[in-house]
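Convention: sequence-line order gives letters A, B, ...; per-chain numbering from 1.
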Amino acid sequence: MPATPPLRLTNTLSRSAETVEPAATAPDGRPLLRFYSCGPTVYSYAHIGNFRTFLTADLVVRTAAALGWAVRYVSNVTDVGHLTEDDVADGAGEDKMARALASKEGEAFENVWDLARHYTTALVEDWHALNLLEPDVRPRATEHVREQIEAVEGLVERGHAYETDDGVYFHVPSFPSYGALSGNRDAEGLVEGTREVVRDDAKRDPRDFALWKKDPGHLMQWFSPYGWGFPGWHLECSVMAQKYLGETIDLHGGGEDLRFPHHECEIAQAEALTGEPFSRYWMHTRFLQVEGEKMSKSKGNFLTVRDLTLAPEDGGREDWDAPLDPLALRLALVSGHYAKPFNLTRKTLSDAAKNRQRYVDADAATRDALEADRPGGDVLADALDAAYAEALAAMADDLNTPVALAAALRGAGDILKAHRAEPLSGASAHSARTFLDNVEALLGIVGAGAPAPPAEDDGLAGQVEALLVQRTEARAAKDWARADAIRDELDALGVEVMDTPSGPEWKRKA
RNA sequence: GUCCGGGUGGCGAAGUGGCUAACGCGGCGGUCUGCAAAACCGCUACCCGCGGGUUCGAUUCCCGCCCCGGACUCCA
């Protein structure tokens with residue numbers, strides 16, 4: 001048993017790959033990684049770019065677990081609406097959730113609470129569809145308002161925050177290391193201040209950001225010592241992270257856009273409050289591009305998980321060849337390194353679907369062989385052990401998914417190749433099972449085995465079988481013209497025929 | 001304007017101061033097949049954006065330039 005490799009990740013704080021060493025130990029003696037990953041605001045369906053970030057977090061958790069670590073993993077849901085822009089016509093900014101409610105899609109909901117609930121449920125559905133591990137805690141901002149108010153009070157008491165007619169603000173100059181994470185140290189360059197500012201002339205420094213916003217007109221509001229209003233966006237994450245993971249956590253992650261101001265502000269709040277370092281390592285996932293461009297609704301390349309994985313009649317995007325196997329989508333989204341920009345194209349998806357098939361086939365062959373339990377030696381153990389070790393080492397090396405995936409795919413290919421040469425023995429099948437289970441635990445791309453459930457019986461099967469019988473007769477009579485005519489007929493039905501030594505097989509064409 | 005990343009074969013994407021620049025897809029050739037499909041075997045970047053520099057030697061380090069993307073303002 002080779003020593004497990006150390007886990008290295010690119011730490012945004014140092015801008016270089018560092019060996020991650022959890023500060024704490026689990027009761028059973030294993031290293032304990034305390035990890036917080038920023039989740040989305042649930043004002044619409046999460047898009048695949050969001051999921052690239054969630055997938056990165058998922059791979060951290062899976063890799064740490066594969067290295068034998070214990071992990072406590074928290075990923076939040078932001079279900080409080082925050083402001084979109086402060087330069088809109090009325091100068092008041094707009095609440096994202098309120099805007100969503102007022103939109104066409106929002107007509108289906110009674111109020112913002114319903115809307116948030118709907119999209120939270122959808123988020124979790126998509127999360128599971130892509131085979132993401134469930135966090136140990138998935139806290140919601142609305143369920144931690146009391147803790148957030150307490151944090152505001154604490155910051156005011158310590159002189160890091162002050163109240164104005166419009167809200168309570170964190171005073172950035174009171175926290176000298178503000179800017180360390182993002183490099184945005186220059187106060188002059190940040191004249192317009194950060195979000196939720198919405199033009200409050202009473203702010204003492206343009207960089208000061210809202211901890212509490214007084215707004216009796218807000219669709220979600222709570223009572224606080226500062227009157228009715230709602231908490232600032234940055235506050236929820238630092239408060240919930242500390243509640244569930246402690247004053248100092250090991251690792252905090254999110255999309256690259258969160259580096260500033262969100263994470264910078266989280267650090268300021270949390271450390272000003274406790275006097276302790278907030279997170280020891282920070283990681284950020286680069287943005288996903290689609291067909292070489294940033295995703296945006298106006299470009300028509302804004303894609304959700306359901307756009308790609310549902311059949312067109314259920315809302316999938318026909319122009320993107322939906323439905324796609326969710327695990328093929330997962331495979332596509334992790335096929336590039338998280339710390340580099342990733343360009344997703346139609347080709348990426350079709351490539352992923354083909355690779356995904358290899359795992360499905362290897363899994364099926366393994367199940368059959370396990371059941372048959374043929375006698376014979378184990379011809380796979382050595383190759384598969386090596387492939388898995390390579391995949392694990394690659395993942396431990398800053399989540400090098402391209403290399404890990406290459407090794408895993410090679411292993412799956414080894415299984416299929418061996419099986420085709422000679423049906424797998426029980427011993428070989430056992431090694432294959434271990435390998436596939438390990439790859440599933442590490443990368444989540446093998447799945448539970450069964451691929452997408454077969455399409456409903458629409459009568460096609462019977463029709464196809466009947467035609468195949470005729471074709472088999474024609475072929476037996478060497479009437480190739482007729483055999484090919486029948487194949488064309490099947491082709492028109494969307495069926496592809498493959499002749500095998502044991503008779504014809506068929507499948508629906510993709 | 002300031003600050004980050006990235007530019008590697010037809011496409012996607014690793015990687016390294018010097019042995020044959022992973023892997024996948026595609027393409028090409030072959031085996032198999034009545035023909036196909038599938039599968040399998042083989043081939044597929046004299047070269048890593050451009051120009052300099054450091055070095056015995058750079059795709060890999062440094063400088064400049066060009067291009068792409070991102071942050072600085074809501075965004076994973």
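Rounded to whole angstrom, the span from the NE2 atom of H337(A) across to the P atom of G7(B) amounts to 12 Å. Remark: P of G69(B) and CZ of R52(A) are 16 Å apart, rounded to the nearest angstrom. Atom CZ of R356(A) and atom P of C23(B) are 23 Å apart (whole Å). L333(A) has its CG atom 15 Å from the C1' atom of A13(B), to the nearest Å. Between the OH atom of Y338(A) and the P atom of A14(B) there is a distance of 12 Å, given to the nearest Å. The CG-C1' distance, from D479(A) to C35(B), rounds to 14 Å in whole Å. Atoms CZ (R286(A)) and P (A14(B)) sit 13 Å apart, rounded to a whole Å. Put simply, NZ on K478(A) is 12 Å from P on U33(B), counting in whole angstrom units.
The side-chain contact (heavy atoms from CB on, under 4.5 Å) search around A322(A) returns none, not counting sequence neighbours. In terms of the side-chain contact (heavy atoms from CB on, under 4.5 Å) criterion, residue partners of A17(A) (sequence neighbours excluded) are, by chain and number, R8(A), T10(A). Under the rule for a salt bridge (Lys or Arg N to Asp or Glu O under 4.0 Å), the partners of E256(A) that lie at least two apart in sequence or sit in another chain are R286(A). For L409(A), the side-chain contact (heavy atoms from CB on, under 4.5 Å) partners at least two apart in sequence or on another chain are N355(A), R358(A), Y359(A). Partners of I486(A) by side-chain contact (heavy atoms from CB on, under 4.5 Å), not counting sequence neighbours, listed by chain and number: L467(A), Q470(A), R471(A), R482(A), L490(A). For R259(A), the salt bridge (Lys or Arg N to Asp or Glu O under 4.0 Å) criterion is met by no residue, not counting sequence neighbours.
Among the nucleotides A14(B), G34(B), A76(B), the one closest to the side chain of W480(A) is G34(B). Taking the side chain of H47(A) as heavy atoms from C-beta on, and the options A76(B), G6(B), A14(B), the nearest nucleotide is A76(B). You'll find that the side chain of R259(A) is closest to C4(B), out of C4(B), G70(B), G15(B). Distances were taken from every side-chain heavy atom of P341(A) (C-beta onward) to each of G6(B), A14(B), A76(B); the shortest belongs to G6(B). When each of C72(B), A22(B), G34(B) is scored by its nearest atom to the side-chain atoms of F260(A), the top-ranked nucleotide is C72(B).
In this structure, a donor-acceptor pair under 3.5 Å is present between the side chains of Y338(A) and D398(A). E440(A) and N131(A) are linked by a side-chain donor-acceptor pair at a separation below 3.5 angstrom, with hydrogens and angles left out of the test.
Applying the salt bridge (charged side-chain N to carboxylate O under 4.0 Å, His left out) test to residues at least two apart or on different chains, the pairs with a partner in residues 403-420 of chain A are E390(A)-R410(A). Pairs of residues two or more places apart, or lying in two chains, that qualify as salt bridge (charged side-chain N to carboxylate O under 4.0 Å, His left out) and include a residue from residues 337-348 of chain A are E291(A)-R346(A), K347(A)-D351(A). For residues 128-142 of chain A, the pairs satisfying salt bridge (charged side-chain N to carboxylate O under 4.0 Å, His left out) are E134(A)-R138(A), with sequence neighbours left out.
Remark: D325(A) engages R356(A) in a salt bridge, criterion side-chain N to carboxylate O under 4.0 Å.
Taking atom C1' on both nucleotides, A21(B) is separated from A45(B) by 8 Å, rounded to a whole Å. Distance check on atom C1': G5(B) versus G49(B) gives 16 Å, rounded to whole Å. To the nearest whole angstrom, the two C1' atoms, one in G9(B) and one in C23(B), are 13 Å apart. Rounded to whole Å, the C1' atom of A38(B) lies 22 Å from the corresponding atom of U44(B). For the P atom pair drawn from C32(B) and U16(B), the interatomic distance equals 43 Å after rounding to whole Å. Rounded to the nearest Å, the gap between the P atom of C47(B) and that of A14(B) is 23 Å. When the P atom is compared between G69(B) and A37(B), the two are found 40 Å apart, to the nearest whole Å.
Under the side chain to side chain donor-acceptor pair (under 3.5 Å) test applied with Y169(A), the options R204(A), K213(A), R207(A) reduce to a single match, K213(A). Among W212(A), F209(A), F260(A), the single residue meeting the ring pair (Phe, Tyr, Trp, His ring centres under 6.0 Å) criterion with H234(A) is F209(A).
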Can you check nucleotides 36-40 of chain B for protein contacts, nitrogen or oxygen pairs under 3.5 Å, and list what you find?
residue : atom : partner : partner atom : Å
A36(B)  : N6   : D499(A) : O            : 3.4
A36(B)  : N1   : D499(A) : N            : 3.1
A36(B)  : N3   : R487(A) : NH1          : 3.1
A37(B)  : O2'  : E496(A) : OE2          : 3.2
A37(B)  : N1   : D499(A) : O            : 3.4
A39(B)  : O3'  : R420(A) : NH1          : 3.1

All N/O pairs under 3.5 Å across the protein-nucleotides 25-28 of chain B interface:
residue : atom : partner : partner atom : Å
C25(B)  : O2'  : K347(A) : NZ           : 3.2
C25(B)  : O2'  : D351(A) : OD1          : 2.6
C25(B)  : O2   : K347(A) : NZ           : 2.9
G26(B)  : OP1  : K354(A) : NZ           : 3.2

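The nearest heavy atom of RNA chain B to P40(A) and to T348(A) marks one nucleotide each, and the one closer to the 5' end goes with T348(A). Comparing A406(A) and G39(A) against RNA chain B, the residue whose closest nucleotide sits nearer the 5' end is A406(A).
An OP1 or OP2 oxygen of G69(B) is reached within less than 4.0 angstrom by no side-chain nitrogen or oxygen of K340(A). Applying the 4.0 Å criterion to OP1 and OP2 of G69(B), one finds that N343(A) has every side-chain N and O outside that range.
Contacts of G254(A) with the nucleic acid, taken as non-hydrogen atoms under 4.0 Å apart, involve only primed sugar atoms and P, OP1 or OP2.
At a cut-off of 3.5 angstrom, counting only N and O atoms as typed in the model, there is a donor on one side and an acceptor on the other between the side-chain of D484(A) and the base of G34(B). A donor and an acceptor atom never sit less than 3.5 Å apart when one is taken from the side chain of H284(A) and the other from the base of A76(B).
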Secondary-structure notation, RNA chain B, from Watson-Crick and G-U pairs under 3.5 angstrom (| other strand): (((((((..(((.....[....)))((((((.......))))))....(((((..]....))))))))))))....
